[in-house]
K.L.:
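Sharing a structure below in structure tokens format, with a few things to ask.
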Amino acid sequence: MMKLNKNNVYANLPMSGYDEVKALSLISYAVAKKLNISEQEVKSSFLAREATNTSSIGQKIAMPKASASEVSDPQVFVFTSEMPIDWLSVDKKPVNIFVAIVAAADVEIDYDGIKQKLLNNANALQDAKVDPDQLTDTINDLLLQGVES
């Protein structure tokens with residue numbers, strides 16, 4: 001079961017003038033440092049995936065995914081930016097919330113289910129985006145929705 005650790009939340013970052021590549025570089029750096037894995041592997045994986053399919057899911061949310069061989073359990077990271085940044089997105093809206101998921105390539109993750117939960121709760125996420133505690137609680141509530149304990 002995926003859960004967001006508050007230490008993996010980076011709220012309200014000054015990212016003005018950023019684009020997808022710059023944002024994914026920042027995210028890769030933070031993820032690699034936190035998980036003690038290769039920044040290059042994470043970054044290549046995020047960028048390769050972005051090149052084939054935009055991670056923007058709409059409602060100012062992006063859900064970039066990376067595979068990393070050394071990650072045993074799937075990890076969730078959340079980044080929010082002060083100002084929305086331009087991103088090739090499905091609804092032509094800029095993005096200010098990034099929910100990054102890093103997992104080993106062979107791990108099954110219900111990305112569509114998570115995407116739907118994020119979109120259904122986009123307003124709550126926007127309300128919580130400056131507060132790491134609130135963001136952590138909101139996202140964990142979403143990840144637990146519909147999961148039998």
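Quick caveat, the model's predicted, so the values are computed rather than measured.
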K.L.:
Could you walk me through whether N36 and E70 pass side-chain hydrogen bond (donor to acceptor under 3.5 Å, both in side chains), step by step?
P.N.:
CA-CA 9 Å; N36 199 19; E70 305 147 59; over 6 Å; no
K.L.:
Given the rule that I, L, V, M, F, W and Y join up when any side-chain heavy atoms are under 4.5 Å apart, are V71 and V9 in one cluster?
P.N.:
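V71 does not cluster with V9.
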K.L.:
Spell out, as yes or no, whether a donor-acceptor pair under 3.5 Å connects the side chain of T54 to the backbone of L88.
P.N.:
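Such a contact is found between T54 side chain and L88 backbone.
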K.L.:
Yes or no on ring-ring contact (aromatic ring centres under 6.0 Å, His included) for F98 and W87, after CA distance, side-chain angles and deciding distance?
P.N.:
CA-CA 11 Å; F98 314 83; W87 198 285; 5.5 Å; yes
K.L.:
For N120, does the CG atom have more than 12 heavy-atom neighbours from other residues, nucleotides or ligands under 6.0 Å away?
P.N.:
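Counting neighbours around CG of N120, more than 12 heavy atoms of other residues, nucleotides or ligands fall under 6.0 Å, so yes.
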K.L.:
Quick one: closest heavy-atom pair of A103 and I109, and the distance?
P.N.:
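Closest approach of A103 to I109: CB-CD1, 3.6 Å.
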K.L.:
Sub-3.5 Å donor-acceptor pair from the side chain of N140 to the main-chain atoms of L4, do we have one?
P.N.:
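Looks like yes, one N/O pair under 3.5 Å.
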K.L.:
Taking T52 for the side chain and R49 for the main chain, is one N or O donor matched with an acceptor at less than 3.5 Å?
P.N.:
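Looks like yes, one N/O pair under 3.5 Å.
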K.L.:
For the backbone of P94 and the side chain of S89, can you confirm whether one donor and one acceptor N or O come within less than 3.5 Å of each other?
P.N.:
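Side chain of S89 to backbone of P94: no pair is present.
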K.L.:
Under a plain distance cut-off of 3.5 Å, with no hydrogens placed, do E41 and S69 share a side-chain donor-acceptor pair?
P.N.:
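Per modelled atom types, S69 and E41 side chains form a pair under 3.5 Å.
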K.L.:
Listed by chain and number, what are the salt bridge (charged side-chain N to carboxylate O under 4.0 Å, His left out) partners of K22, not counting sequence neighbours?
P.N.:
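If we apply the salt bridge (charged side-chain N to carboxylate O under 4.0 Å, His left out) test to K22, skipping adjacent residues, there are no hits.
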K.L.:
Decide whether a cation-pi geometry holds between K65 and Y111; the criteria are a distance under 6.0 Å from NZ or CZ to the six-membered ring centre and an angle within 45° of the ring axis.
P.N.:
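Yes, cation above the ring, under 6.0 Å and within 45°.
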K.L.:
Hey, does the side chain of K43 reach the backbone of L24 with a donor-acceptor pair shorter than 3.5 angstrom?
P.N.:
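No.
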K.L.:
Check for me, please, whether F77 and L143 land in the same ILVMFWY cluster - side-chain distances under 4.5 Å, paths through other members count.
P.N.:
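No, no single cluster joins them.
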K.L.:
Sequence neighbours excluded, which residues qualify as ring pair (Phe, Tyr, Trp, His ring centres under 6.0 Å) partners of Y10?
P.N.:
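Scan of Y10 (ring pair (Phe, Tyr, Trp, His ring centres under 6.0 Å), adjacent residues dropped) gives F79.
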K.L.:
Give a yes or no on whether the backbone of G113 and the side-chain of D110 come within a donor-acceptor separation of less than 3.5 Å.
P.N.:
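Side chain of D110 to backbone of G113: a pair is present.
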K.L.:
Any donor-acceptor pair under 3.5 Å linking the side-chain atoms of N12 with those of K129?
P.N.:
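Result is yes, a qualifying pair exists.
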K.L.:
What I want to check is whether the side chains of N123 and Q59 have a donor and an acceptor closer together than 3.5 Å.
P.N.:
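Their side chains do not contain a donor-acceptor pair, so the 3.5 Å distance test is not met.
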K.L.:
When you compare the side chains of E50 and S55, does any donor N or O come within less than 3.5 Å of an acceptor on the partner?
P.N.:
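A pair is found: one side chain offers a donor N or O, the other an acceptor, under 3.5 Å apart.
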